[in-house]
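Source: prediction; values computed, not measured. Convention: sequence-line order gives letters A, B, ...; per-chain numbering from 1.
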Number of protein chains: 2
Amino acid sequence: MAKEPEDTIASRISRVLADRIVRGELSAGLRLRQDHIAEEFGTSHVPVREAFRRLEAQGLAISEPRRGVRVASFDLKEVREVAEMRAALEVLALRHAAKHLTPAILDAAEEATREGDAAADVHAWEEANRRFHTLILAPCNMSRLLASIDDLHAACARFLFSAWRSGWEKRTDHDHRAILLALRQGRADEAASILERHVQWIGRAPKSTQKGAVAPDAFAIVG
Amino acid sequence: MAKEPEDTIASRISRVLADRIVRGELSAGLRLRQDHIAEEFGTSHVPVREAFRRLEAQGLAISEPRRGVRVASFDLKEVREVAEMRAALEVLALRHAAKHLTPAILDAAEEATREGDAAADVHAWEEANRRFHTLILAPCNMSRLLASIDDLHAACARFLFSAWRSGWEKRTDHDHRAILLALRQGRADEAASILERHVQWIGRAPKSTQKGAVAPDAFAIVG
DNA sequence: CTTCTCCAAATTATAGATAATTTTTAATTC
DNA sequence: GAATTAAAAATTATCTATAATTTGGAGAAG
């Protein structure tokens, strides 16, 4: 019987709710009522409350004792904070991963970049983007670091999905390609600094390319 | 009636258990049986389970579905990982905090350093050490970043308490003083790089001062 | 007479206790 | 050593109490 990897109801609920929050289906400030959620999942409120604790730790929900749980708000200031944390930690991860990267991994990362460039919508792009970052960072073999990066990446994705209003237009990810090139040539430090800049851009106002000609999005949302 | 700040039983339990784990009273790998803990705190196991989720997120406990929760193990590799993460994030925090630091804050941090130097035991030293780091970083005003650093600091403290076997001998914290000096003189970048080196030392083998003459501790444990 | 405010009752939701069920682990027997 | 059974512990359900919010109404002010 194809059974999901997670066994407990609580973990399943937290995964589903996290996904909904990230995708923007549950908007910031919304109250998460344990009885309603319990009813939806056909369980009692006990595992729901455990799921809440995990969401709280991930920064996706905020709990006030005796007053309930709400979807965490996130303003631009928080997004920048998350982006800077992510940049700092991804640089660290890449520095350790670099020596373990194989051509096969870099090929897979390049393929992920291509898929991102060809993505039909923002969700497909984000999936490919996350795969790229995971591929080049996972070989650092530092599980706690990778888990932290994952949570931060989710927060970034939440911003991406919320900020993206207009239709998706194909784009070419030059940063990803520059990172891969540097890695292939053994210049890990350069790859790390491109990665740092790349991630830090999230939530920052893009350079006005020309006076009056502002990009369609008011803030850089990729990464 | 003097009531503790936290309202829920779960948060109280998680704080107490976290403290015990950090102080080494609960050793790595020990099973945390919810019924026993519930009995000790005079509650049911429901809030205990919620406390477990928080400990899990903090990296202090590990839960295997249907098999219970254990105190997280931590080998030297994990300590180094935590130290490097902490270094990366504290550098980020200090860069943002620097511009908001006041002479009053720096004076308080210097006082914390003095108290650390005069500490009678390792717990007093750690309390002062944590105060120093918190004082100079808190003005960055990035709550998520500070919360992450706090969790990482707890993991470092856990290593410190576990590694410290012999009696406590007074020491002078030159790094803290160098950081404060640089901050007072407005050289934030230099302060940050001293801080980075300072924290990264945790869990690393110290330079053998002389052949055969190894330091009393096999690894650097302060920070 | 209308409107605003303040207080109390009723409703709703959260937090926790107790109980039932399932799963894992240990033990004993073949 | 394998298999069956018994004990223990984890997960979840149901139930209760307590705290928070809302609603309704009385009284005062405009």
Check your understanding: Taking atom C1' of D:dA7 as reference, at what distance in whole Å does atom CZ of B:R33 sit?
Key -> 13 Å

Point to revise | Minimum-distance nucleotide to A:T8 side chain [options: D:dT11, D:dA9, D:dT14] | key: D:dT11

Practice item. Between D:dT12, C:dT14, C:dT18, spot the one nearest the side chain of A:V46, thanks. Key: D:dT12

Check your understanding: Expressed in angstrom and rounded to an integer, what is the separation of B:E56 atom CD from D:dT11 atom C1'?
Key -> 14 Å

Practice item. Output yes when A:E50 and A:R53 qualify as a salt bridge under the 4.0 Å nitrogen-oxygen rule, no when they do not. Key: no

Exercise for review: Could you tell me the separation between the CD atom of A:E50 and the P atom of D:dT12, rounded to a whole number of Å?
Suggested key: 7 Å

Practice item. Please determine if a side-chain N or O atom of B:R66 lies less than 4.0 Å away from the OP1 or OP2 oxygen of C:dT25. Key: no

Check your understanding: Which is it for A:E84 and A:R80 under the salt bridge (Lys or Arg N to Asp or Glu O under 4.0 Å) test, yes or no, and what are the steps along the way?
Key -> CA-CA 6 Å; A:E84 295 200 62; A:R80 295 223 187 95; over 6 Å; no

Practice item. Would you kindly give the CZ-to-C1' distance between B:R67 and C:dT23, to the nearest whole Å? Key: 11 Å

Point to revise | Stepwise side-chain contact (heavy atoms from CB on, under 4.5 Å) check, A:R54 with A:Q58 | key: CA-CA 6 Å; A:R54 168 176 285 240; A:Q58 289 176 309; 3.9 Å; yes

Check your understanding: Run the side chain to side chain donor-acceptor pair (under 3.5 Å) check on B:N129 and B:H176 step by step: do they pass?
Key -> CA-CA 9 Å; B:N129 179 54; B:H176 282 195; 3.3 Å; yes

Practice item. Figure out the CZ/P separation between B:R12 and C:dG16, and round it to whole Å. Key: 10 Å

Review point. In whole angstroms, how far is the P atom of C:dA13 from the CZ atom of A:R31?
Key: 8 Å

Point to revise | Contact under 4.0 Å: B:R49 side-chain N or O vs D:dT11 OP1/OP2 | key: yes

Exercise for review: Between D:dA13, C:dA13, D:dA9, spot the one nearest the side chain of B:D35, thanks.
Suggested key: D:dA9

Exercise for review: Sort out for me which residue in B:E126, B:E115, B:E111 forms a side-chain hydrogen bond (donor to acceptor under 3.5 Å, both in side chains) with B:R131.
Suggested key: B:E115

Review point. With no angle test and no hydrogens, is the base of C:dG16 tied to the side chain of B:H45 by a donor-acceptor pair under 3.5 Å?
Key: no

Check your understanding: Over how many whole Å does the gap from B:D7 atom CG to C:dG16 atom P extend?
Key -> 8 Å

Practice item. Round to a whole Å and report the spacing from CD of A:Q34 to P of D:dA19. Key: 16 Å

